[in-house]
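Written out below as structure tokens is the structure these notes cover.
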Amino acid sequence: QVQLVESGGGLVQAGGSLRLSCSASGRTFSNYAMGWFRQAPGKAREFVAGISRTGVALYYIDSVKGRYTISRDNAKNTVYLQMNSLNPEDTAVYYCAADISGRASRLSRGYDYWGQGTQVTVSS
């Protein structure tokens, strides 16, 4: 079992930045690929970014490339999502997820454990 707790969400103006953190406990963190997803009101949950077990391989959806950076610190059992140049379309609940297979899938069904989510609201 892995427990995931996100933090760092909040209200920010368009053009601003936030850094989300996801702290993991329970199993060896470095055994899991990690992903960030988001869900806006009335929309399906979508993949945002993924990172391999070692942090070498990174994946992003096109709409966040160049603005978001995913990273991890296996010594601290934490994965991060640095979000810059935010716009109102980025408003959503952001979730981190752990994938024991190591694939960092773009599909939510590819993940085994989920955090409770953190709200990000970008005002125009």
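All figures in this text were calculated on a predicted structure; none of them were measured in a lab. The first residue in the sequence is number 1, and the count goes up from there.
Using a 4.5 Å cut-off on side-chain heavy atoms (C-beta onward), Leu86 and Tyr68 make contact. Contact of the Asp112 side chain with the Asp99 side chain is registered, since non-hydrogen atoms from C-beta on lie closer than 4.5 Å. No side-chain heavy atom of Ser105 sits less than 4.5 Å from a side-chain heavy atom of Phe47. Using a 4.5 Å cut-off on side-chain heavy atoms (C-beta onward), Met83 and Arg67 make no contact. Contact of the Val120 side chain with the Leu18 side chain is registered, since non-hydrogen atoms from C-beta on lie closer than 4.5 Å. Under the 4.5 Å side-chain criterion, counting only non-hydrogen atoms from C-beta, Gln3 is not in contact with Val5. With contacts defined as side-chain heavy-atom distances shorter than 4.5 Å, the pair Gln1/Tyr113 qualifies. With contacts defined as side-chain heavy-atom distances shorter than 4.5 Å, the pair Val122/Gln13 does not qualify.
In plain terms, the two heavy atoms of Ser123 and Pro88 that are nearest each other are C-CG, 4.4 Å. Here the shortest heavy-atom pairing between Leu4 and Gln116 reads O-OE1, 3.6 Å. Among all heavy-atom pairs drawn from Ala49 and Tyr60, the shortest one is CB-CD2, 3.7 Å. When all heavy atoms are compared, the tightest approach of Ser17 to Ser85 is OG-N, 4.3 Å. Counting all heavy atoms, side chain and backbone alike, Trp114 lies closest to Ser108 at CZ2-O, 3.4 Å.
For the salt bridge (charged side-chain N to carboxylate O under 4.0 Å, His left out) test, residues two or more places apart in sequence or in another chain that qualify with Arg38 are Glu46, Asp90. Residues passing the side chain to side chain contact (heavy atoms under 4.5 Å, CB included) test with Thr54 are Ser52, Val56, sequence neighbours excluded. Remark: Ser23 engages Thr78 in a side chain to side chain contact (heavy atoms under 4.5 Å, CB included) (not counting sequence neighbours).
Between Phe37 and Tyr95, the ring center distance fails the sub-6.0 Å criterion.
No continuous path of ILVMFWY side-chain contacts below 4.5 Å connects Tyr111 to Leu107, so the two sit in separate hydrophobic clusters.
When each of Arg106, Arg103, Lys65 is tested with Tyr59 by the rule side-chain contact (heavy atoms from CB on, under 4.5 Å), just one qualifies, namely Arg106.
The distance from atom CG of Asn87 to atom OG of Ser124, rounded to the nearest 0.5 Å, is 10.5 Å. Atom-to-atom distance recorded for Leu81:CG and Ile51:CD1 is 10.0 Å, nearest 0.5 angstrom. With values rounded to the nearest 0.5 angstrom, Cys22 atom SG is found 15.0 Å from Tyr94 atom OH. Of the inter-residue distances, the one linking Arg53 atom CZ with Asn31 atom CG reads 6.5 Å to the nearest 0.5 angstrom.
When atom types are taken as modelled, the side chain of Glu6 and the backbone of Cys96 share a donor-acceptor pair closer than 3.5 angstrom. In terms of modelled atom types and a separation under 3.5 Å, the side chain of Gln82 and the main chain of Ile70 share no donor-acceptor contact.
Both the sub-6.0 Å distance and the 45° axial angle are satisfied by Arg19 relative to the ring of Tyr80.
Defined by atom type and a distance below 3.5 Å, a donor-acceptor pair is present between the side-chain atoms of Thr121 and Gln119.
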